[in-house]
Amino acid sequence: MDDRELIFRNELLRAMGPQELELLRPHLEPVDLEVPLILETENSPVGDVYMLESGLASIVARFPGGRDLEVGIVGREGMTGAAVILGGDQSANRTFMQITGHGFKLPAAVLSQAMEESRALRSLLLAYVQALLAQTTSTVLANGRSKLEERLARWLLMVHDRTDGATIWLTHEFLAVMLGVRRAGVTVALHLLEGKGLIRSTRRQIVILNRRGLIEEAHGAYGAAEEEYRRLIGTHLAR
């Protein structure tokens, strides 16, 4: 693609040096990423990876019987295809768009070859996978020890980091799936945050009113993974 004038919003593309970027540039295909587009299917070969410029994707683990639980999110700070970066060819989890956006599609084989040719590119992308693992670890800790309203506050902060503006367009039903709880529980948690003046919630949207208050409400569940991303990638993830 002829993108000499293109200014990337994806933080990984922005962090690449000219030589690393040139290995990928001719193969980056601009794509619209609509909800609920599936970017990766569990236990299936990964044909393409996606580098998001906007929007948000969920990495979801599926329990026997079809129950889903979100284990990670990807926005403009990162990319799909962690298994490819690690030398594999398929993911154990499903990844799909939860907030519409756009980005670039890149053949997995091209990415693998580029990583063979560039140690700097390999190091950057492995650092990203390490940051993604830190996010997953924080999710496990939050799910195991935090109250639902604390987990919800953390999740809203993570989404806020990766999207523009203060409004998040999601239904209570979708939030319940992402947090692995019943819809009634999500409604109660939203009302608690709303009662403290931290958010404004309707059936299909949530508006962040007090980010600092949400950080305090998360009681330590938010921040560690974001700091690890800054340390590894060299740019701030949190606002």
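The residues of the chain are indexed from 1 along the displayed sequence.
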- Message: Out of the candidates Lys105, Arg94, Met97, only one should pair with Leu39 under the side chain to side chain contact (heavy atoms under 4.5 Å, CB included) rule; please name it.
- Response: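 Considering Lys105, Arg94, Met97, a side chain to side chain contact (heavy atoms under 4.5 Å, CB included) with Leu39 is found only for Met97.
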- Message: For Met79, run the side chain to side chain contact (heavy atoms under 4.5 Å, CB included) check against Leu106, Leu125, Val84 and tell me which one passes.
- Response: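 The passing option is Leu125.
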Sequence neighbours excluded, which residues qualify as salt bridge (charged side-chain N to carboxylate O under 4.0 Å, His left out) partners of [X]?
X	result
Arg14	Glu11
Glu77	Arg162
Arg76	Asp164
Glu216	none

With hydrophobic residues grouped by side-chain heavy-atom distances under 4.5 Å, do [X] and [Y] end up in a single group?
X	Y	result
Phe8	Leu23	no
Leu170	Ile38	yes
Val186	Leu192	no

[X] versus [Y], closest heavy-atom pair with distance:
X	Y	result
Thr136	Val71	OG1-O, 3.4 Å
Val49	Gly81	CG1-CA, 3.8 Å
Gly72	Gln135	CA-OE1, 3.2 Å
Ile73	Leu132	O-CD1, 4.2 Å
Gly103	Leu33	N-CD1, 3.9 Å
Ser201	His172	OG-NE2, 3.4 Å

Nearest 0.5 Å, what's the [atom1]-[atom2] distance between [X] and [Y]?
X	Y	atom1	atom2	value
Ile168	Ile199	CD1	CD1	9.0 Å
Arg25	His27	CZ	NE2	11.5 Å
Leu232	Ser123	CG	OG	11.5 Å
Leu179	Phe174	CG	CZ	10.0 Å
Met115	Leu24	CE	CG	10.0 Å

Please tabulate, for side-chain N and O atoms in residues 203-211, each donor-acceptor pair with protein atoms closer than 3.5 Å (sequence neighbours left out).
unit_1, atom_1, unit_2, atom_2, d
Asn210, OD1, Arg212, N, 3.4
Asn210, OD1, Gly213, N, 2.7
Arg211, NH1, His160, ND1, 3.0
Arg211, NH1, Asp161, OD1, 3.2
Arg211, NH2, Asp161, OD1, 2.7
Arg211, NH2, Tyr222, OH, 2.8

- Check whether any side-chain heavy atom of Leu175 sits under 4.5 Å from a side-chain heavy atom of Leu190, and report yes or no.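 Of all side-chain heavy-atom pairs linking Leu190 with Leu175, at least one is under 4.5 Å.
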- Hey, are the side chains of Phe96 and Leu37 touching, using non-hydrogen atoms and a 4.5 Å cut-off? no
Enumerate the residue pairs fulfilling salt bridge (charged side-chain N to carboxylate O under 4.0 Å, His left out) with a member in [range], sequence neighbours excluded, ordered by first and then second residue.
range	value
residues 82-91	none
residues 133-152	none
residues 32-41	none

Any side-chain to backbone donor/acceptor pair from [X] onto [Y]? Under 3.5 Å, distance only.
X	Y	value
Ser118	Ala114	no
Glu226	Leu237	no
Ser91	Asn93	yes
Asn43	Gln90	no

[X]: side-chain hydrogen bond (donor to acceptor under 3.5 Å, both in side chains) partners, not counting sequence neighbours:
X	value
Glu194	none
Lys196	Glu217
Glu117	Gln113

- Report the hydrophobic cluster partners of Leu141, with the cluster defined as I, L, V, M, F, W, Y residues connected by side-chain heavy atoms closer than 4.5 angstrom, directly or transitively.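 Direct or chained contacts put Leu141 with none.
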- Does any donor atom in the side chain of Glu70 or Gln98 lie under 3.5 Å from an acceptor atom in the other side chain? yes
